[in-house]
Amino acid sequence: MAMSQIDTPFADASMAAPESAVSVRGVSKNYGAVEALKNMSLEFPKGQLTSLLGPSGCGKTTLLKIIAGLIPADSGTIEVGGKAITGPGDDRAFVFQDFALLPWANVLRNVAFGLELRGVAKSEREAIAETYIANVGLAGFEKAFPHELSGGMRQRVGLARALSVDSQVLLLDEPFSAVDEQTRRKFQEDLLSLVENENKTFIFVTHSIEEAVYVSDQIAILLPRPSRVSEIIRPSSFRNKGVENIRRDPEYLDIVDEIWASLRNYVE
Amino acid sequence: MHRSLLLKLLSAALVFGAWEIAGRIPISYAFPTFLESMTALARMTFDGTLLQAYAETLKPLVLGVAISALIGIGFGLWIGLSARSEWFFSPIFIVMQAAPLAALIPLLVMAYGIGLTSKVFVVCIMAMPVIVLNTASAVRNTPASLKEMGQSFLANNHQILLKIVIPAASPVIFSGLRLGVSAGFIGAILAELKITPTGVGDIISYSRSIADYPSMYAAIFSIILLAVVFLNLLEKLEDFLFEGNNRGYVSD
Amino acid sequence: MQVFGVKLPAMSSLLLWGLLWEIVGQMGLTFFVPPLSQVFATLFEIIGTPPFLKALWETGYAFFMGVFFAIVIGIPVGILMGKSRFLDELLLPWVNIFVSAPLTALVPVLMVLFGFGLTSIIITTTLFAIWIIILNARAGVRQINRSLVDMARSFGASPLDAFTKIYFWAALPEILGGVRIGVIRAVKGVIIGQLLISIVGFGALFELYASNFLMGHFWAVLIILFALAFSISEFLGYLERKVAYYAAKR
Ligand SMILES: Nc1ncnc2c1ncn2[C@@H]1O[C@H](COP(=O)(O)OP(=O)(O)O)[C@@H](O)[C@H]1O
Ligand SMILES: [Mg+2]
């Protein structure tokens, strides 16, 4: 195959073997009779963006929340930066699909909220928040309330909040699914430059094939019933050809096609 | 399902058990045990006392609720459909809704005596506001898209009212009626306790005066039970009739 | 409604009703309705008098005590019910019964247990107000957006932080709504208590004026009472609207 693709999952230790920021080892999770995750193992290379891609219900959110420490796994371990996690920690920050903004607080307080909970003094955290508000392009909206912002702007607030706590790992649960298509494309471009400039590890959940291929250094394809990692794909050639060229790169198009070919059997 | 039934039984057993124990201590000479009260309830049920009493009590209640429903829904429709009548009438009902109308009872007694009329009036002033306000807001909040759909299919105003507005509003109107019945019960008992003791009010007052506390508690238990069972049936009926178009309603 | 392109304020029709009242009163159609002007004259006459102030104090005291207990018991119970499934299943049937039960029927029990005095009136007031406060606090906690809670936890919020910075504020619109309805019910409860238990406060004034055929006095006190009840309800409605901007999107 033309693209550098690893057909056997988790066997890539011998290959380029980039250092892992997050390791998922044999994680299982049941909700009553529903097997959401079964003996799942996956490595997330440091400083890269890994997508979790799969049809809805295959356990993407569950895996992400387990990594975040929000729900406990039934078995298995999660290591972040080499240490097993026991709960939420300041090495990870979460970006929510529905933004999870405090509706009674303005943009400034929302962005500073993560720091507020960590006990950072008011003047300091607001200074940090203001930088990130400007970084995500919301300068001038510090005093606005969430209900006065568009969906895209709200997610920028959520992103700024996650960035401002300066965690090593960013967990994003379908962050762009509630924003319109144009905004979404802009977000994807911004995300690429974030990955490049911030030197953080991104774990990105999506159900859009094009989006996953566009933004990812590594794509883990998850399948349901039983839930498993079916393949790991590493797009290699188009990453540094410039954002405007990716969507017509032959490799991009091939990967999109191939993923669809393997997923279509699982779509009712 | 199983668990929730079990917990309901447990919760009932806890409360009635506490009642029984408190009655045995006793925490007050005027606090009979649960079993004593239930015995009195059984006695009054089987010797016909309760039946007779309820025939008396339900008269003003049924009359009052029926009148309130008729006039209330009519007014509500009018208020909901016409901006002018809304401006004119709704403040009256809004004030009535917030105000302690029980204060009017001495006046009603002066005007209409201590008979049935006064009692019906008490039930009406309690039940009417919530019926009017619920109906009006239900009509006003008919989804605009539904009305526009009707217009686009060339329905006339009459058809829009009968085929779209009223069906769309009926769940909320019905919940207004249920709240009205609940308020009507309060009014009916208030009237029997305050104006003249008749029906269940009479059993309560009389057994209190001769210190027959089990009978008094039994009568009170029965009226609350009746109200709760009846209101629950109405709610079931509501779920059954309007299954699938459940919406929120304004409550008082 | 609009007249000549000017929007009339919401409650302005009450002026028209007042005018109607005045006309009916002036025509002397019925003894029960004296002219509104006369009622207002009486109102200003009695408003500073010791009997009126005494009634206001007696009623206000019972009312505030009743509301106080309803709030300090009702809100925590509701929040606990919203958070604990066991408590919820245990208590909810009873709360649902009492929220719609004819509580007037319980007043005679209070009378024989707690006497014909202030205690019984305060308990009546609390009983009228508390159930809806519990139900609304419970609903407020239950509708809290899961991801807000997750968000706070992912940033390492302590339980206290989660409560004061998330739960309380997220449930506040419902809690305030419950308090508003509860307070309206409490006003009704305190008057019903005063009419049934012991003839004190405004209840006593109404009886006194009615039995002495002082219609002007009767309506004057009624207007004051209605105005007070309405102002309280509007004030709480105003507080509720202040948080309404976020109530729809939490
Ligand atoms: N809290 C929960 N209780 C019960 N089942 C759940 C819960 N959360 C998720 N599930 C089930 O677990 C499976 C995986 O869910 P999720 O991780 O949300 O999938 P995805 O994010 O990929 O759509 C689904 O079948 C879902 O119904
Ligand atoms: Mg999901």
Side-chain angles (χ1 to χ4, degrees), chain A residues 61-62 64-72 85-106 109-120 125 144-149 151 154 157-158 161-162 164-167 169-175 178, chain C residues 75 78-79 82-86 88-89 136-180 236-250:
Chain A
T61 299
T62 304
L64 205 64
K65 287 197 171 167
I66 290 176
I67 297 174
L70 290 173
I71 47 183
I85 63 147
T86 52
D90 57 13
D91 46 4
R92 285 148 288 150
F94 208 103
V95 178
F96 292 83
Q97 181 172 7
D98 59 359
F99 321 137
L101 303 183
L102 306 177
W104 53 86
N106 61 21
R109 175 147 186 243
N110 263 301
V111 173
F113 192 68
L115 296 165
E116 180 180 340
L117 289 175
R118 287 177 191 184
V120 178
R125 68 182 188 240
F145 282 83
H147 64 105
E148 300 164 329
L149 305 178
R154 285 182 211 170
V157 177
R161 178 177 59 196
S164 67
V165 293
D166 199 24
S167 301
V169 180
L170 250 61
L171 308 165
L172 305 97
D173 188 7
E174 302 198 20
Chain C
I75 293 179
I79 290 181
K83 293 194 68 169
S84 148
R85 184 174 159 203
F86 177 72
D88 192 43
E89 283 177 306
N136 268 40
R138 168 183 181 272
V141 170
R142 282 170 70 97
Q143 59 75 43
I144 290 178
N145 188 345
R146 272 300 316 165
S147 39
L148 274 192
V149 180
D150 277 348
M151 186 273 289
R153 285 183 53 217
S154 80
F155 286 120
S158 65
L160 183 68
D161 269 347
F163 188 84
T164 56
K165 291 181 199 274
I166 307 282
Y167 280 100
F168 177 76
W169 292 98
L172 190 61
E174 275 82 6
I175 291 180
L176 276 180
V179 169
R180 181 176 57 80
L236 289 165
Y238 163 80
L239 284 188
E240 212 180 325
R241 279 191 296 279
K242 281 194 81 152
V243 295
Y245 69 90
Y246 72 75
K249 17 183 104 81
R250 273 162 295 171

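Since we're looking at a predicted model, the values are computed, not measured. Letters go in sequence order (proteins before strands), and every chain restarts at 1.
Of all heavy-atom pairs spanning C:I166 and A:W104, the tightest one is O-CH2, 3.7 Å. Contact detail for C:S154 and A:P88: the closest heavy-atom pair is CA-CB, 3.9 Å.
Counting heavy-atom pairs closer than 4.5 Å to chain C, the top-ranked of the candidates A:G114, A:G158, A:S167 is A:G114. For the set C:G156, C:A162, C:A157, the count of heavy-atom pairs under 4.5 angstrom toward chain A peaks at C:A157.
Proximity to chain C is absent for every atom of A:D90, based on heavy atoms less than 4.5 angstrom apart. Neither the backbone nor the side chain of A:E148 comes within contact range of chain C; no heavy atoms are under 4.5 Å apart. Of the atoms belonging to A:R92, it is backbone heavy atoms, and not side-chain ones, that fall under 4.5 Å from chain C. Heavy atoms closer than 4.5 Å to chain A are found in both the backbone and the side chain of C:D150.
Rounded to the nearest 0.5 angstrom, A:K65 NZ and C:R153 CZ are separated by 9.5 Å. Rounding to the nearest 0.5 Å gives a distance of 8.5 Å between CZ of C:R146 and CG of A:L70.
When the options A:F94, A:F96, A:F99 are evaluated for a side-chain contact (heavy atoms from CB on, under 4.5 Å) with C:M151, the one that passes is A:F96.
Proximity of C:F155 to A:V165: side-chain heavy atoms (C-beta onward) are separated by under 4.5 Å at one or more points. For the pair C:L148/A:L101, no side-chain contact is recorded, criterion being any heavy-atom separation below 4.5 Å from C-beta on.
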